[in-house]
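Position 1 is the first residue of the sequence; numbering continues from there. Note that these values count all heavy atoms, side chains included, but never hydrogens, waters or copies made by symmetry.
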Amino acid sequence: MDTRKLKYFLAVVDHDGFNRAAEHLLIAQPSLSQTIASLEKDLGVPLFHRIGRRAVLSEAGKELVGPARLVMRDLDAAASAVQALRGIRSGRLDIISMPSPGIEPLTSMIAGFTRLHPSVRLNVSAAFTPEEVINSVRSGSTEIGLAGSPTPIRVPGVQVLELEHQPLILIVNPQADTFNPGESIQREDLGGHRLIASQRGSLMRWLVDDALAHGVDTEIVVEVAHRTSILPLVLAGVGHAVMPSSWAPLAQKSGLRTLLIEPVSHLDVAILSRKEDLTPAARAFLAVAELHASPGPKTAGLPSPSIG
């Protein structure tokens, strides 16, 4: 096995097939197929199932993705280390993030990082649970992970830096804003209102379900998995939405009112990484993250007095 074969394997994975991968690699498709066949022979197992023109990862292929990325990343790290004294001039950093931390604090950290290291390419993939983030970092598929959880994340073998606590807020449907003036509401004030809810398993959905369980007469009118749909749905007058405060600036720029929901529930946001063997780019990103977290975990999206 050589690194060229692993590079070609990852290209097929990342470009969803042999034809696009060959175009990206600037090689002929038969040459790519022969290289992958040679890798499969080396390993003694098929890495892809050929279904028509599609290439679907086999179970063995799925297991190889993380280690292959780790090998290629370590090679990049070796090259980058030689240039470390001259600063981080190039490279790639793979990040995975859940939706709400992906708005903030990820946006601010990426802005700070790219100002310092403009030639490093960032690749941000999506996760929807802390477990997905943890598994991605542990397997080596990504170096940096951002996760939000109702309680602080503690994972053996993974470095965890707590960044901030995001209180849950209500993004108010302007067509049904019957709430009193002010910056906060009680959970029982949700009674009689229609809500856009995240899927079960999220802290936001837990708050809605908890209110329903305690007799608050609210109605879930839409359940969404893609949270990019939430602000457009609120703007369209479909309902209110319970979200972490990282969404507040974007909602307010869209002309929407936001209210703190009391008693306050927080989403604990943390950045995860391996404890060793990080690339210079990953170490530099963690340095930016530490500045974001200093002098301690912050509360995002709302001024401190309003969360008590």
*Locate the shortest heavy-atom distance separating Val216 from Leu212; write the atom from each residue and the value.*
O-CD2, 3.6 Å
*Can you check whether Thr129's main-chain N or O pairs, donor with acceptor, with Glu132's side chain at less than 3.5 Å?*
yes
*Do the side-chain N and O atoms of His214 and Glu188 include a donor-acceptor pair separated by under 3.5 angstrom?*
no
_Side-chain donor/acceptor of Asp177 to backbone N/O of Pro174, under 3.5 Å_ = no
*Check step by step if salt bridge (charged side-chain N to carboxylate O under 4.0 Å, His left out) holds for Arg20 and Asp14.*
CA-CA 9 Å; Arg20 291 181 181 177; Asp14 292 338; over 6 Å; no
*Taking the side chain from Thr218 and the backbone from His193, do they hold a donor-acceptor pair closer than 3.5 Å?*
yes
_Salt bridge check, Glu59 against Lys62: does any charged N sit closer than 4.0 Å to a carboxylate O?_
yes
_Counterpart residues, salt bridge (charged side-chain N to carboxylate O under 4.0 Å, His left out), relative to Asp209 (two or more places apart)_ = Arg200, Arg205
*Indicate whether the side chain of Glu104 and that of Ser108 have a donor and an acceptor atom separated by less than 3.5 Å.*
yes
_Once side-chain hydrogen bond (donor to acceptor under 3.5 Å, both in side chains) is applied, what residue pairs with a partner in residues 143-159 remain, sequence neighbours excluded?_
Glu143-Thr279, Arg154-Glu162
_Donor-acceptor contact present, side-chain Ser184 to main-chain Leu260, <3.5 Å_ = no
*Does any N or O in the side chain of Thr114 come within less than 3.5 Å of the main-chain N or O of Ile110, such that one atom is a donor and the other an acceptor?*
yes
_Atom of Leu272, atom of Ile134 and distance for their closest heavy-atom approach_ = CD2-CG1, 3.6 Å
*Do Arg69 and Asp94 sit within salt-bridge range, that is, some charged N less than 4.0 Å from a carboxylate O?*
no
_Any donor-acceptor N or O pair under 3.5 Å, side chains Arg4, Ser38_ = no
*Give the minimum heavy-atom separation between Ser141 and Ser139, together with the two atoms involved.*
OG-OG, 3.1 Å
_Would you say the ring centers of Tyr8 and His24 fall short of 6.0 Å from each other?_
no
_Between Val158 and Leu161, is there shared hydrophobic-cluster membership here, with clusters defined by ILVMFWY side-chain heavy atoms closer than 4.5 Å?_
no
*Should Val234 and Ile169 be counted in the same cluster of Ile, Leu, Val, Met, Phe, Trp and Tyr side chains packed under 4.5 Å apart?*
yes
*Mind checking whether Phe285 and Phe113 have parallel, tilted or perpendicular rings, split at 30° and 60°?*
tilted
*asked:* Can you tell me how the ring of His266 sits relative to the ring of His165, calling it parallel under 30°, perpendicular over 60° and tilted otherwise?
replied: perpendicular
*Verify the distance criterion only: is there a donor paired with an acceptor across the side chains of Ser136 and Thr142 at less than 3.5 Å?*
yes
*Charged N to carboxylate O under 4.0 angstrom, Arg50 versus Glu40?*
yes
*Minimum heavy-atom distance between Met109 and Ile271, given as atom pair plus value*: CE-CD1, 4.4 Å
*State yes or no: do Leu57 and Leu64 share one hydrophobic cluster built from I, L, V, M, F, W and Y residues joined by side-chain heavy-atom distances below 4.5 Å, directly or via other members?*
yes
*Indicate whether any N or O donor in one side chain lies under 3.5 Å from an N or O acceptor in the other, for Ser100 and Gln166.*
no
